[in-house]
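Being a predicted model, the structure only gives us computed values, none of them experimental. Throughout, numbering of the chain's residues begins at 1 and tracks the sequence. The analysis underlying the following values was restricted to heavy atoms, covering all of them including side chains, and did not include hydrogens, waters or symmetry mates. Just follow the structure's listing: the first ligand is 1, and inside any ligand the first atom is 1.
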Amino acid sequence: MTITYPFSAVVGLADLKLALLLNAVSPRVGGVLVRGEKGTAKSTIVRALAAQLPEVQVVAGCRFACDPAAPDLGCPDGPHEPGEQRAVRPAALVELPVGASEDRLVGSLDVERALTEGVKAFEPGLLAAAHRGVLYVDEVNLLHDHLVDLLLDAAALGTCYVERESVSVRHAARFLLVGTMNPEEGELRPQLLDRFGLTVEVRASRDPQERAEVIRRRLAFDADPEAFADRWRPAESELAGRIARARARLPEVRLPDARLRQISTVCAAFEVDGLRADLVTANAAIAHAAWHGRDRVTTEDVRAAARLALPHRRRRDPFDAPGLDEDLLDRLLDETSGDDDDEPPPGGGADPEISGPEPDAGSGADGDGGWQDPAAGTPRDERTAEREVRNGTDRPEPDAGAVEPDTGTGQPDPGAGQVAAMAAPYRVPRLEVPGVGEGAAGRRSRSRTPRGRAAGSRQPEGRLRDLHLTATLLAAAPHQRQRGRTGAGLRLRPEDLREVVREGREGNLVLFVVDASGSMAARRRMTAVKTAVLSLLLDAYQRRDKVGLVTFRGDSAGVTLPPTSSVEAGAARLRSLPTGGRTPLAAGLVTAAEVLRVERLRDPARRPLLVLVTDGRATAGGDVDRAADLLRGTASVVVDCEGGPVRLGLAVRLAARLGAALLPLDSLGELGSVVRDYRKVG
Ligand SMILES: [Zn+2]
């Protein structure tokens with residue numbers, strides 16, 4: 001069963017609302033990461049919650065939204081006196097755009113004025129604007145790592161620090177952090193995943209009835225928008241009131257020892273790393289109890305918290321499907337609910353799982369609060385939804401991108417072709433694009449980057465942020481007498497300032513072009529090819545590349561995987577890749593050139609690396625040399641798949657034509673430790 005929001009049918013909506021509410025009740029829960037495909041109304045739902053958060057009282061005129069009852073002692077606009085004028089405003093909803101600069105996020109400090117005039121000029125950023133409200137980051141997985149770090153640091157500390165060259169500013173920044181991501185477009189690093197308190201999976205409903213209901217509503221809206229809006233207007237004050245009551249109750253909620261042991265048992269059984277999972281689960285369980293008007297955490301609260309706090313913290317490798325084994329969770333909770341020394345909760349039934357309405361659950365105060373669907377008749381308790389989830393009726397289907405255990409059989413392709421199995425991936429040498437790029441941070445090729453080791457100095461192009469002290473002094477020194485310096489003080493002018501040029505590593509676009517034809521003949525050869533590509537894919541994941549996959553067989557070439565950051569998707573496509581037929585090598589090269597052309601337009605800073613996996617033979621399609629010439633100038637590697645005692649050396653010839661490095665397939669796994677420059681190999 002799906003709960004339908006007016007214009008969308010979304011599975012997992014009940015979880016999302018609960019996760020948002022728990023965060024609204026307790027800031028210690030640590031935010032929500034919403035995982036799901038596009039078109040699931042994630043942002044609409046978050047906006048709806050923000051609109052229903054209780055209003056905040058602020059010191060009038062303070063750009064940092066100080067609470068008059070407890071102003072931030074270090075507020076840059078302070079100090080605030082007790083009698084200062086107040087204002088009431090809605091809780092903020094601030095959106096952080098993926099392309100935002102660091103200054104935009106944390107605020108900007110004018111280092112030039114600080115150094116040359118001695119003035120501390122600070123312009124607040126989005127973190128200040130989000131204080132006491134919601135900070136929403138759509139597609140947080142596409143956000144620059146450095147920004148994600150700053151964001152999560154601020155979220156964890158409740159404070160924003162800005163420091164430039166020993167001039168520093170700090171201010172309070174407590175906000176409900178909500179991030180969304182589409183896992184198909186790339187995962188977050190596990191360390192960052194762990195720092196979101198809760199995660200929720202949402203996806204569009206595939207149920208025809210629910211989809212029809214959405215269309216029906218859309219038609220009703222088009223016919224009479226005002227009547228429709230009236231019918232759907234959320235019970236704002238009701239929900240805001242309930243959040244406020246739960247917040248007030250929060251400090252009173254007790255976590256009995258038995259429940260704490262239960263949390264530890266569950267976290268240990270799910271093999272989560274570290275103790276953060278235990279802490280988040282405990283805080284979320286406490287918030288859940290407060291939300292339901294209880295002053296003591298019950299097993300039901302632990303269950304609700306664990307379902308949201310643990311899925312993204314299980315130890316797993318990048319190719320595991322997300323989610324939590326709910327049967328195991330139920331079993332663990334059942335086994336550990338026996339030592340309930342202090343349950344049942346006051347006012348509740350004997351078994352919280354089947355008890356009636358919550359003590360505080362007045363008429364409209366059900367779990368869905370203001371999101372109640374008036375057309376649905378009886379109010380839905382969110383626990384009903386949870387139970388349905390546990391019964392499996394609402395369990396997410398395996399994701400399209402999820403990887404099934406490899407049985408080696410795969411999908412038979414009626415068109416011809418077999419599916420070769422893959423062996424375990426191995427470590428491959430680092431292939432590198434020559435030169436120095438300016439692409440997104442990663443671990444492959446050299447690049448200019450704000451993070452990284454100092455490699456020189458230059459005059460700043462925009463605002464100075466990374467002072468190169470020695471270079472600045474050297475620039476100022478020759479002019480001291482002429483500027484009238486007589487005593488000890490150095491006379492600095494803006495034009496003296498130098499910033500550090502840093503060099504680090506970037507991620508690249510690794511485009512695999514793989515011969516899947518019958519010229520690979522024996523399935524054993526194809527297994528070796530697939531395993532090699534899988535190993536290179538894993539390497540690309542670790543180096544934070546985008547990957548794409550072009551394959552050719554039979555009469556044509558195709559883009560099997562359009563460039564994406566999702567290595568899972570790549571592995572899945574590779575696994576089910578059929579083999580056989582003729583070898584249209586030229587078509588593969590032409591298709592690769594077209595993919596690279598489009599990607600260059602889309603993301604010009606990301607430099608491509610072409611990895612062509614072939615034995616160099618062509619038995620169909622156009623002229624290979626002409627096609628290869630389309631790719632000249634692209635950094636490329638030919639993985640030579642030719643084996644056996646008699647070799648034609650076609651791949652060698654092709655590599656020369658492309659200006660590519662050559663790596664024999666069988667050597668890939670034997671190159672041992674990371675090779676700095678692949679051009680020395682092969
Ligand atoms: Zn203030």
Identify whether the distance between the nearest side-chain nitrogen and carboxylate oxygen of [X] and [Y] falls below 4.0 Å.
X	Y	result
Arg313	Asp278	no
Asp295	Arg249	no
Arg259	Glu300	no

Q.
Quick check: do Phe64 and Pro124 have side-chain heavy atoms less than 4.5 Å from each other?
A. yes
**Q.** Beyond-backbone contact of Arg458 with Glu499, side-chain heavy atoms, under 4.5 angstrom
**A.** yes
Q. Closer than 2.8 Å to the Zn ion (ligand 1), which protein N, O or S atoms?
A.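 Near the Zn ion (ligand 1), the protein supplies Cys62 SG, Cys66 SG, Cys75 SG, His80 NE2.
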Q) What residue pairs, at least two apart or across chains, pass salt bridge (charged side-chain N to carboxylate O under 4.0 Å, His left out) with a residue in residues 131-143? A)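 Applying salt bridge (charged side-chain N to carboxylate O under 4.0 Å, His left out) to every pair that reaches into residues 131-143, excluding sequence neighbours, yields Lys38-Glu139, Asp67-Arg132.
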